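Okay, structure first, notes after.
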Number of protein chains: 2
Amino acid sequence: MESQAPSTTKDRLLDAAEELFSSRGIDATSLRAITSAAEVNLASVNYHFGSKDGLVKTVFLRRLEPLNNERLELLDALEISAAGAPIELEAILDAWVMPALRMGHSPEGKRIKRLMSGIYSEPGDTLQALLRDLFSEILRRFCAAIGRAIPELSGEELMWRVHFMLGAMIHTVADQPSIRALSGGLCDPSDIEGVRRRLIGFVAAGLQAPLEEKDAPPTAGENR
Amino acid sequence: MESQAPSTTKDRLLDAAEELFSSRGIDATSLRAITSAAEVNLASVNYHFGSKDGLVKTVFLRRLEPLNNERLELLDALEISAAGAPIELEAILDAWVMPALRMGHSPEGKRIKRLMSGIYSEPGDTLQALLRDLFSEILRRFCAAIGRAIPELSGEELMWRVHFMLGAMIHTVADQPSIRALSGGLCDPSDIEGVRRRLIGFVAAGLQAPLEEKDAPPTAGENR
DNA sequence: CCACAATTCAAACGAACGTTTGAATTAATA
DNA sequence: TATTAATTCAAACGTTCGTTTGAATTGTGG
């Protein structure tokens with residue numbers, strides 16, 4: 001009854017939609033373009049997914065649910081083997097970033113990357129809520145783990161730094177074509193191991209940055 | 001002949017478009033919604049800007065050109081007063097981030113913030129090229145300055161870290177509502193001085209992270 | 001005051017959109 | 001094989017979009 005064959009109408013639609021959404025954007029992709037690419041009838045979308053919104057939701061869920069499950073499994077394994085003690089920071093970051101990097105480089109998931117960044121910018125009413133729900137729980141888990149790894153951070157400080165961390169990570173996973181172009185081919189985003197090492201090094205250093213004094217006038221740039 | 005009065009049709013259109021683009025997205029905002037909010041005639045858009053694309057471009061240019069000019073002026077001032085010596089890293093980052101933070105908090109520019117992140121995700125053909133051009137030069141200037149401040153970084157390593165830095169900064173400037181919500185009101189994005197101190201502290205630490213060995217197997221997360 | 005350009009206006013254009021419909025076709029059940 | 005459900009199909013629906021048009025209005029220099 002549900003999908004198990006390699007090329008049902010549902011799957012063809014999801015694949016085509018994912019491909020087109022990531023290259024042209026969601027709003028700019030018409031159902032007719034999707035059904036043409038998938039070589040199925042136009043009405044199939046509303047038959048199988050109810051509406052375009054339903055198709056969009058399913059496109060995201062198909063990738064993000066396994067992604068977050070893998071992240072949680074890795075974090076669970078770390079917490080079990082740590083047996084109550086704080087986990088090493090780099091290991092936590094690894095559990096967050098590696099599933100995304102691996103997915104981003106698999107032949108099937110290569111398209112979802114650009115979509116992930118669009119999440120935060122596209123003010124799609126339903127999509128925004130869906131993803132907020134999807135990420136709020138897993139984010140709490142990882143925040144807690146990071147907080148235990150860097151106990152000297154206050155709750156506010158921790159949240160801010162996690163926010164910066166997410167920015168760096170999302171931007172990296174989503175915008176891999178731009179880093180290659182801007183660096184003039186110097187940087188190779190397909191080198192997963194290199195990206196991982198550099199990204200985690202950067203983020204770990206940022207998260208563990210020394211706490212500055214609040215009233216110390218920083219450095220410069222005030223001349224305006 | 002050009003705009004100097006406080007409420008010409010052109011300015012009313014730009015203000016209304018900026019507001020609606022940032023809250024609903026560019027594609028989801030119709031010219032009719034814009035002209036209604038601006039209380040001008042529908043045809044005014046095509047008369048004054050040629051097309052919707054022309055309006056979009058002007059909306060971005062009106063904010064980004066002064067923003068980047070201010071950044072360049074600050075960097076120029078730093079380089080002049082440094083007289084050939086490397087500039088302190090935090091001062092360079094300040095020159096990049098403060099104009100954006102200040103603009104994002106002024107009453108007139110509060111709307112542009114969310115748009116800035118959409119830049120990287122929305123695959124609008126013309127817009128993408130416009131912004132790539134706008135940022136490629138200033139980015140080269142700041143990369144060079146940062147490279148002089150941290151001379152031990154190779155060109156590749158520098159580009160990667162600047163990439164991470166941009167992710168954290170863009171995400172912070174653009175997505176200020178989400179940090180307040182996710183932290184349960186704990187983090188206050190309207191505290192410019194606090195945001196500046198934390199963001200620059202994070203990014204500076206990330207940029208100056210120690211260089212790891214290439215072949216050292218990192219930490220964990222491989223169990224899958 | 002008059003001619004003339006600049007701007008505004010109501011109305012309509014054709015195209016593209018998401019969705020619906022009802023018949024045709026295929027697959028499953030007994 | 002007969003019956004019924006699931007799926008596909010071509011065609012059309014009503015709406016909204018960006019853009020165009022040509023007349024009306026406003027502002028300006030001679």
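Proteins come first, then strands; the chains are lettered A, B, ... in the order of their sequence lines, and each starts at number 1. All figures in this text were calculated on a predicted structure; none of them were measured in a lab.
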Roughly, in whole Å, what's the span from [atom1] in [X] to [atom2] in [N]?
X: K52(A); N: dG18(C); atom1: NZ; atom2: P; value: 4 Å
X: L13(B); N: dC9(C); atom1: CG; atom2: C1'; value: 14 Å
X: R32(B); N: dT15(D); atom1: CZ; atom2: C1'; value: 11 Å
X: L31(A); N: dC13(D); atom1: CG; atom2: P; value: 19 Å
X: L55(A); N: dT19(C); atom1: CG; atom2: P; value: 10 Å
X: D27(B); N: dG18(C); atom1: CG; atom2: P; value: 12 Å
X: R12(A); N: dT7(D); atom1: CZ; atom2: P; value: 16 Å
X: L42(A); N: dT8(D); atom1: CG; atom2: P; value: 13 Å

Is [Y] paired with [X] through a side-chain N to carboxylate O contact shorter than 4.0 Å?
X: R141(A); Y: E79(A); result: yes
X: E193(B); Y: R196(B); result: yes
X: R197(B); Y: D191(B); result: no

For [X] and [N], is the shortest distance between a side-chain N/O and OP1 or OP2 below 4.0 Å?
X: N41(B); N: dA10(C); value: yes
X: H48(B); N: dA6(C); value: no
X: S30(B); N: dC17(D); value: yes
X: T9(B); N: dT8(C); value: yes

Check: W96(A) main-chain N/O paired with R71(A) side-chain donor or acceptor under 3.5 Å: yes
Sugar-phosphate, base or nothing in reach of S44(B), heavy atoms under 4.0 Å: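 The residue S44(B) makes no contact with any strand.
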Touch class at under 4.0 angstrom, heavy-atom based, for T29(A) against every strand present: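 Sugar-phosphate contact only.
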Any pair counted as salt bridge (charged side-chain N to carboxylate O under 4.0 Å, His left out), so long as it reaches residues 28-42 of chain B, sequence neighbours left out: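 Every salt bridge (charged side-chain N to carboxylate O under 4.0 Å, His left out) pair that includes a residue of residues 28-42 of chain B, provided the two are not neighbours, is R12(B)-E39(B).
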5' precedence on DNA chain C between A43(A) and A28(A) (nearest-nucleotide basis): A28(A)
